[in-house]
Amino acid sequence: MKQKNILKLAVATVAIIGAGMILFNSAAEMALAANDGNVEKIPTSYQVSDSLATTLTTSESEEKDHQKVNYFVSMDHLNTGTPTDTDLTMEEAAKVGNQYLKNIFGIDLEGAYVYMSYCPGTETFPRAFWAGSVLFQKERNPESTKWTYMVDAVTGELFNIGHDRHLDVNVPLDYDSALEKDYHLYAQLAQKKAEECKLMASSVDRVEYNCQGYSGNDPTIAVDVIGKNGEIVNMSFSRYDQIFLGAITDTSRKVTESALENLLEMKSVDTEKVEECMITWTTSIIK
């Protein structure tokens with residue numbers, strides 16, 4: 001029971017962090033901005049699909065049905081990972097991620113700057129992924145308006161997506177206890193967004209309160225959209241103006257929960273080994 005409580009706490013922590021959808025921290029942003037002149041920009045034209053059902057479309061369907069979009073793709077200066085032969089290329093991953101941005105946020109990516117970073121996986125997220133940060137200005141800083149996403153490095157499946165901004169006004173960031181009981185407005189917004197963007201395979205069963213926090217100076221609230229098939233999509237909104245800020249997909253949640261369970265099991269085994277060693281050591285001292 002204690003182990004399950006620890007897991008729930010860990011997952012909740014991940015959800016809180018993910019609600020802000022900040023894939024690059026402020027230090028990284030500032031460091032990249034300082035070295036931006038050393039990053040090669042690749043002008044890229046892609047034919048963009050309107051459906052989330054397909055991540056990589058054929059050339060024929062692109063030429064026939066879709067609009068040409070021009071944007072600049074570059075590798076994040078702080079990137080340390082190297083994609084394998086089975087992974088999507090940087091350009092392919094950017095194409096997939098930017099399609100998600102178009103479908104979910106409805107933004108026109110013409111002239112955007114797309115900064116990509118590859119990761120072979122981590123202890124808490126053991127899946128290779130591409131992370132993208134999209135801006136409409138070349139320089140980046142902690143207060144830049146940007147959109148971010150994280151996709152599977154091989155399949156292009158969406159893990160999370162978000163919008164980060166700096167408000168021009170000062171608003172309270174304090175926890176709003178009333179929202180924990182009355183979050184009806186955000187439940188409606190979340191269900192509508194999930195259905196419109198087809199963020200889950202099944203129809204929505206219910207929406208539950210998750211947590212509150214803030215991203216920069218923007219107060220946020222996160223809710224869980226639960227499908228009839230058990231899928232859970234965590235969605236974040238601004239408590240200031242109810243703008244949609246991002247989502248964590250069911251696949252991402254399952255990957256993280258599984259990794260945390262494994263880590264807790266390993267920690268439990270290690271603890272048992274230490275206890276066994278202590279008992280053996282204590283017994284030998286007594287003898």
Side-chain angles (χ1 to χ4, degrees), residues 1-23 52 100 103-106 124-125 127 147-152 157-165 171-216 218-264:
M1 182 64 70
K2 184 177 181 181
Q3 189 177 39
K4 289 183 178 179
N5 291 335
I6 294 173
L7 177 59
K8 288 182 179 179
L9 178 60
V11 172
T13 302
V14 171
I16 293 169
I17 296 171
M21 298 298 164
I22 303 174
L23 299 182
L52 278 178
Y100 286 129
N103 288 340
I104 296 175
F105 283 99
T124 54
F125 199 89
R127 286 274 289 272
W147 290 261
T148 57
Y149 52 76
M150 197 170 98
V151 299
D152 186 285
E157 180 181 6
L158 181 65
F159 288 141
N160 63 51
I161 193 166
H163 175 41
D164 190 37
R165 61 183 182 167
V171 297
L173 301 178
D174 298 337
Y175 180 83
D176 186 348
S177 58
L179 279 181
E180 190 170 345
K181 296 181 179 180
D182 183 14
Y183 56 93
H184 182 68
L185 172 60
Y186 297 99
Q188 286 184 320
L189 292 172
Q191 180 169 345
K192 182 179 179 181
K193 193 69 176 178
E195 292 173 342
E196 286 181 349
C197 299
K198 297 180 173 61
L199 295 179
M200 52 176 53
S202 70
S203 57
V204 176
D205 179 57
R206 64 189 187 279
V207 179
E208 296 181 353
Y209 173 88
N210 184 294
C211 64
Q212 294 180 49
Y214 52 88
S215 175
D218 195 356
T220 63
I221 179 173
V223 295
D224 291 327
V225 182
I226 303 171
K228 292 187 181 298
N229 64 353
E231 285 182 274
I232 301 176
V233 176
N234 179 270
M235 302 181 71
S236 177
F237 295 85
S238 170
R239 286 184 277 143
Y240 166 64
D241 56 7
Q242 292 72 56
I243 291 295
F244 172 68
L245 295 178
I248 303 172
T249 66
D250 187 66
T251 298
S252 179
R253 176 186 65 83
K254 288 178 179 177
V255 170
T256 301
E257 285 187 354
S258 178
L260 288 172
E261 285 176 352
N262 291 335
L263 287 173
L264 286 172

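Only heavy atoms go into these numbers, but all of them, side chains included; no hydrogens, no water, no symmetry mates. This one's a predicted model, so the numbers in the text were calculated from it and none came from an experiment.
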Is the closest basic N to carboxylate O distance between D241 and R165 below 4.0 Å?
yes

If you measure from CD1 on I226 to CG on D205, what distance do you get to the nearest 0.5 Å?
7.5 Å

Straight-line distance of K192 NZ to C197 SG, nearest 0.5 Å
10.5 Å

Contact summary for Q212 and E180, nearest pair of heavy atoms
NE2-N, 4.3 Å

Side chains of V225 and K193, heavy atoms from C-beta outward: is any pair under 4.5 Å?
no

Between S238 and L245, the two heavy atoms sitting closest are N-CD1, 3.7 Å

Got R239 and Y186 here, is their nearest side-chain heavy-atom distance under 4.5 Å?
yes

Using side-chain heavy atoms (C-beta onward) and a distance below 4.5 Å, is L199 in contact with I104?
yes

Minimal heavy-atom distance between A201 and E231, with the atoms involved, is N-OE1, 2.7 Å

Derivation and outcome, side-chain hydrogen bond (donor to acceptor under 3.5 Å, both in side chains), residues D218 and S215:
CA-CA 5 Å; D218 195 356; S215 175; over 6 Å; no

For the atom pair CE (M150) and CG (L158), what is the distance rounded to the nearest 0.5 Å?
9.0 Å

In Å, rounded to the nearest 0.5 Å, how long is the span from OG of S177 to CG of D182?
11.5 Å

Quiz question: by atom type and distance under 3.5 Å, do the side chains of T251 and R127 form a donor-acceptor pair?
no

Check V171 against P219 and note the closest heavy-atom contact, atom names and distance.
CG2-CD, 3.5 Å

Assert yes or no for the condition that the ring centre distance of F244 to F105 is strictly below 6.0 Å.
yes

Trace of the side-chain contact (heavy atoms from CB on, under 4.5 Å) decision for F237 with L185
CA-CA 11 Å; F237 295 85; L185 172 60; over 6 Å; no

Does the T220 side chain pair with the main chain of S236, one donor and one acceptor, at a distance under 3.5 Å?
no

Mind checking the CG-OG1 spacing from N234 to T249? Nearest 0.5 Å is all I need.
10.0 Å

Y100 vs Y149 side-chain heavy atoms within contact, under 4.5 Å
no

Does the side chain of E208 reach to within under 4.5 Å of the side chain of N210, using non-hydrogen atoms?
no

Short question: side chain of T256, backbone of S252 - any donor-acceptor pair under 3.5 Å?
yes

Could you grab the distance from atom CH2 of W147 to atom CG of D164, nearest 0.5 Å is fine?
10.0 Å

Taking the side chain from E195 and the backbone from V204, do they hold a donor-acceptor pair closer than 3.5 Å?
no

Test item: D250 side-chain N/O and I232 main-chain N/O as donor-acceptor pair under 3.5 Å
yes

